[in-house]
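This report concerns only the one structure given below.
Here the structure is a predicted model, which is why all the values come from computation and not from measurement.
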Amino acid sequence: MLLDQGKIMVEGQRKTSLALVADETAAVHFQLWGIECDAFQPGDIIRLTNGIFSYNRDNLGLRAGKRGKIEKVGEFTMVFVETPNMSEICWSPDSNNSKKFLQGAVISPYSSIFPPPMP
């Protein structure tokens with residue numbers, strides 16, 4: 001489920017936006033590109049097929065990439081959790097396997113970009 005979406009940034013012909021998505025296991029920051037930025041809104045249930053995780057500036061993020069597909073499959077009726085947020089954990093390369101990252105310290109239990117609403 002797409003929980004929140006940040007400001008759409010435009011650089012030349014390139015449009016991007018960072019979103020917070022979650023399912024029943026965890027939350028993560030999701031990078032939207034191009035037409036994806038305008039296609040979804042908070043509350044949309046989305047399905048990602050063949051997406052990829054990327055590690056950039058000490059943050060783990062999810063995106064569709066060139067081979068991935070993201071589509072809206074519903075609205076507002078999905079169980080999800082906001083913690084742990086996989087983008088708020090420091091990850092470090094595994095010295096035994098360069099294709100693997102190991103979990104380090106938790107920066108914040110919730111998204112520092114999309115803080116939870118105050119009661």
Can I get a per-line list of side-chain donor-acceptor pairs under 3.5 Å for residues 46-53, giving both atom names and the distance, sequence neighbours left out?
unit_1 : atom_1 : unit_2 : atom_2 : d
R47    : NH1    : E71    : OE2    : 3.4

Side-chain donor-acceptor pairs under 3.5 Å in residues 8-18, sequence neighbours left out?
unit_1 : atom_1 : unit_2 : atom_2 : d
K15    : NZ     : D38    : OD2    : 2.6
S17    : OG     : Q5     : NE2    : 3.1
S17    : OG     : G6     : O      : 3.0

Nearest non-hydrogen partners of A19 and L2, listed with the distance: CB-CD1, 4.0 Å

Nearest-0.5 Å distance that lies between atom CZ in F40 and atom CD1 in I35: 8.5 Å

Closest contact, heavy atoms only, V28 versus G61: CG2-CA, 4.5 Å

Heavy-atom pair of closest approach, residues Q31 and E36: O-OE1, 4.1 Å

Nearest-0.5 Å distance, CH2 of residue W33 to CZ of residue R63: 7.0 Å

Qualifying residues under side-chain hydrogen bond (donor to acceptor under 3.5 Å, both in side chains), relative to E75, sequence neighbours excluded: K72

All side chain to side chain contact (heavy atoms under 4.5 Å, CB included) counterparts of N96, not counting sequence neighbours: D94

Within-4.5 Å side-chain heavy-atom neighbours: M1 and D23: no

